[in-house]
Amino acid sequence: MAGYFIRPMIGQRHTLGHEIIDADHKAIGEWWQRAVNCEPIQSKFFIARLKSLMRKHFAHEAQLMEQSGGTLCECHWMEHQQWIELCDQADALSSDNWKKARSLLRIELPRLVRDHIITMDQLTVIFINTHGTHGVSAPHNC
């Protein structure tokens, strides 16, 4: 779509201060940009890659939380599942109604992702950074 600017899904203000989580968010945002700008014939591949990056990110978060002595709450997991379900909907629609599929990806997914980052992921990073990253516990000086 020549001359049409699509705002990035994730911007600088969504950087949370954790190298792995921020890198995952960036990769998801980059592939999202590709998916919403691809040709209909490419959509299934691009959506599959986007979902793969999301699952990788979810696994990273769970592992980092576990290494820090915590777990992701059920609400956090449910929001992750919403991302995947929305991508599944877009994928299912992509063969017959690419405009609607792209609309789901362009409008609905960024809202879900941004809301999740500024709430759930921000709290996750605070926990990880407070309790130690990569399995190394922070010193307790209390």
- Task: Could you please spell out the steps behind the side-chain contact (heavy atoms from CB on, under 4.5 Å) verdict for I20 and L64?
- Result: CA-CA 9 Å; I20 294 170; L64 291 165; 4.2 Å; yes
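- Here the side chain of S52 pairs no donor or acceptor atom with the backbone of A48 at under 3.5 angstrom.
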For this session: List the steps and the verdict of side-chain contact (heavy atoms from CB on, under 4.5 Å) for R102 and C38.
Result: CA-CA 9 Å; R102 191 179 340 208; C38 73; over 6 Å; no
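- Between E61 and H76, the side chains place a donor N or O and an acceptor N or O closer than 3.5 Å (distance only, hydrogens not considered).
- To the nearest 0.5 angstrom, H25 atom NE2 is 3.5 Å from H57 atom NE2.
- The side-chain heavy atoms of M65 and T71, taken from C-beta on, include no pair separated by under 4.5 Å.
- Rounding to the nearest 0.5 Å places CD of E79 at 8.5 Å from CG of D121.
- Side-chain contact between I128 and Q67 is absent, with no heavy atoms from C-beta onward closer than 4.5 Å.
- Under the 4.0 Å criterion applied to side-chain N and carboxylate O atoms, D91 and K51 are not assigned as salt-bridge partners.
- Separating the CD1 atom in I47 from the CG atom in L104 is a distance of 9.0 Å, to the nearest 0.5 Å.
- Applying side chain to side chain contact (heavy atoms under 4.5 Å, CB included) to V36 and the options L105, L50, I107 leaves one that passes, L105.
- M120 and V125 are assigned to two separate hydrophobic clusters, defined by single-linkage of ILVMFWY side chains at heavy-atom distances under 4.5 Å.
- In the hydrophobic clustering of this structure, L86 groups with I84; members are Ile, Leu, Val, Met, Phe, Trp, Tyr whose side-chain heavy atoms approach within less than 4.5 Å, directly or through other members.
- Q82 pairs in a side chain to side chain contact (heavy atoms under 4.5 Å, CB included) with only one of the listed residues (V113, L109, L112), which is L112.
- Side-chain atoms of I21 and H60, non-hydrogen and from C-beta on, never get closer than 4.5 Å to each other.
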Next on the checklist: Please determine whether side-chain contact (heavy atoms from CB on, under 4.5 Å) holds for the pair R106 and N37, giving the CA-CA distance in whole Å, both sets of side-chain angles, and the decisive distance to 0.1 Å.
Outcome noted: CA-CA 9 Å; R106 281 186 179 168; N37 288 303; 4.0 Å; yes
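- Between the side chain of N97 and the main chain of L93, no donor-acceptor pair closer than 3.5 Å is present.
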Worksheet item: Can you check ring pair (Phe, Tyr, Trp, His ring centres under 6.0 Å) on W77 and F58, steps first, answer last?
Response: CA-CA 8 Å; W77 282 110; F58 304 157; 7.2 Å; no
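- Within the 3.5 Å criterion, the main-chain N or O of R49 finds no donor-acceptor partner in the side chain of W31.
- The side-chain heavy atoms of H116 and T124, taken from C-beta on, include no pair separated by under 4.5 Å.
- Follow the hydrophobic side-chain contacts under 4.5 Å out from F45 and you reach W83 in the same cluster.
- The 12-atom threshold is not exceeded at NZ of K100, counting heavy atoms of other residues, nucleotides or ligands nearer than 6.0 Å.
- Residue E85 qualifies as enclosed at atom CD: its count of foreign heavy atoms under 6.0 Å is above 12.
- Under the 3.5 Å distance criterion, the side-chain polar atoms of T130 are matched with a main-chain donor or acceptor of I126.
- Listed here is the closest heavy atom pair of S68 and H131: O-CB, 3.4 Å.
- There is no path of hydrophobic side-chain contacts, each under 4.5 Å, that joins W32 to W98.
- You'll find the side chain of E30 stays beyond 4.5 Å of the side chain of R34, heavy atoms only.
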